[in-house]
Amino acid sequence: MEALRLYQKPEKGILNIKLPENMAESKELEIIIISLEREVYEKKEKFSPSDYFGIWKNKNIDVDKVCKEMRNEWERDF
C-alpha cells in the first residue's frame, strides 16, 4: 500500500491535490481527510518519566512477575 500525506489549508472550502504518477494511474483511491488541530499535537509540557517514579510503592505487585507474564503472552502470540 502506498500513502500520500499532505498538509494543506483549504481555500474557500476547496483542496487541490496533485497525485504522483503511480497514484494518478490507479483505478480507485481511498481519501481520508482529518482536521488538523495543532494544539492537540503540540504538547506544552514534555513527558518526564521521573514524575511517575514510586507511584506503585504502596501496591502489593511483583513487577518482575507481571513483566514476565506479559513477555510470555507476547511470545505465545507469534
Side-chain angles (χ1 to χ4, degrees):
M1 179 177 85
E2 293 184 51
L4 174 65
R5 175 177 250 175
L6 301 170
Y7 295 95
Q8 290 185 359
K9 292 182 180 181
E11 294 181 25
K12 298 181 183 178
I14 298 173
L15 290 175
N16 290 312
I17 302 171
K18 181 169 172 65
L19 298 172
E21 284 184 36
N22 58 334
M23 287 185 158
E25 297 172 2
S26 298
K27 291 182 181 180
E28 190 172 37
L29 297 170
E30 177 180 3
I31 300 169
I32 300 172
I33 299 175
I34 301 172
S35 178
L36 181 64
E37 301 293 333
R38 292 274 182 205
E39 294 174 7
V40 173
Y41 296 103
E42 295 174 0
K43 293 185 177 181
K44 295 178 182 175
E45 296 179 22
K46 291 188 177 183
F47 173 74
S48 175
S50 62
D51 291 343
Y52 299 92
F53 180 77
I55 62 173
W56 294 101
K57 68 181 177 183
N58 296 326
K59 305 292 180 190
N60 187 18
I61 296 175
D62 183 351
V63 176
D64 291 327
K65 179 182 173 192
V66 172
C67 289
K68 185 175 187 212
E69 289 171 356
M70 287 184 355
R71 285 192 300 271
N72 288 341
E73 286 179 16
W74 295 336
E75 290 173 0
R76 280 195 300 257
D77 290 342
F78 292 107

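These numbers were taken from a predicted model, which means no experiment stands behind them.
- Shown here are the side-chain hydrogen bond (donor to acceptor under 3.5 Å, both in side chains) partners of Glu30, two or more places apart in sequence or in another chain: there are none.
- Here Gln8 contributes atom CD and Leu36 contributes atom CG; the two are 12.5 Å apart, rounded to the nearest 0.5 Å.
- Nearest heavy-atom pair, Pro20 versus Leu4, reported as atom, atom and distance to 0.1 Å: CD-CD2, 3.9 Å.
- Taking hydrophobic clusters as Ile, Leu, Val, Met, Phe, Trp and Tyr residues chained together by side-chain heavy-atom distances below 4.5 Å, Met23 does not share a cluster with Ile31.
- Phe53 is not connected to Val63 by any chain of hydrophobic side-chain contacts under 4.5 Å among Ile, Leu, Val, Met, Phe, Trp and Tyr, and they are in different clusters.
- Looking only at side-chain heavy atoms (C-beta outward), Leu15 and Leu6 stay at 4.5 Å or farther from each other.
- Partner of Lys68 under the side chain to side chain contact (heavy atoms under 4.5 Å, CB included) criterion, chosen from Val66, Asn72, Asp64: Asn72.
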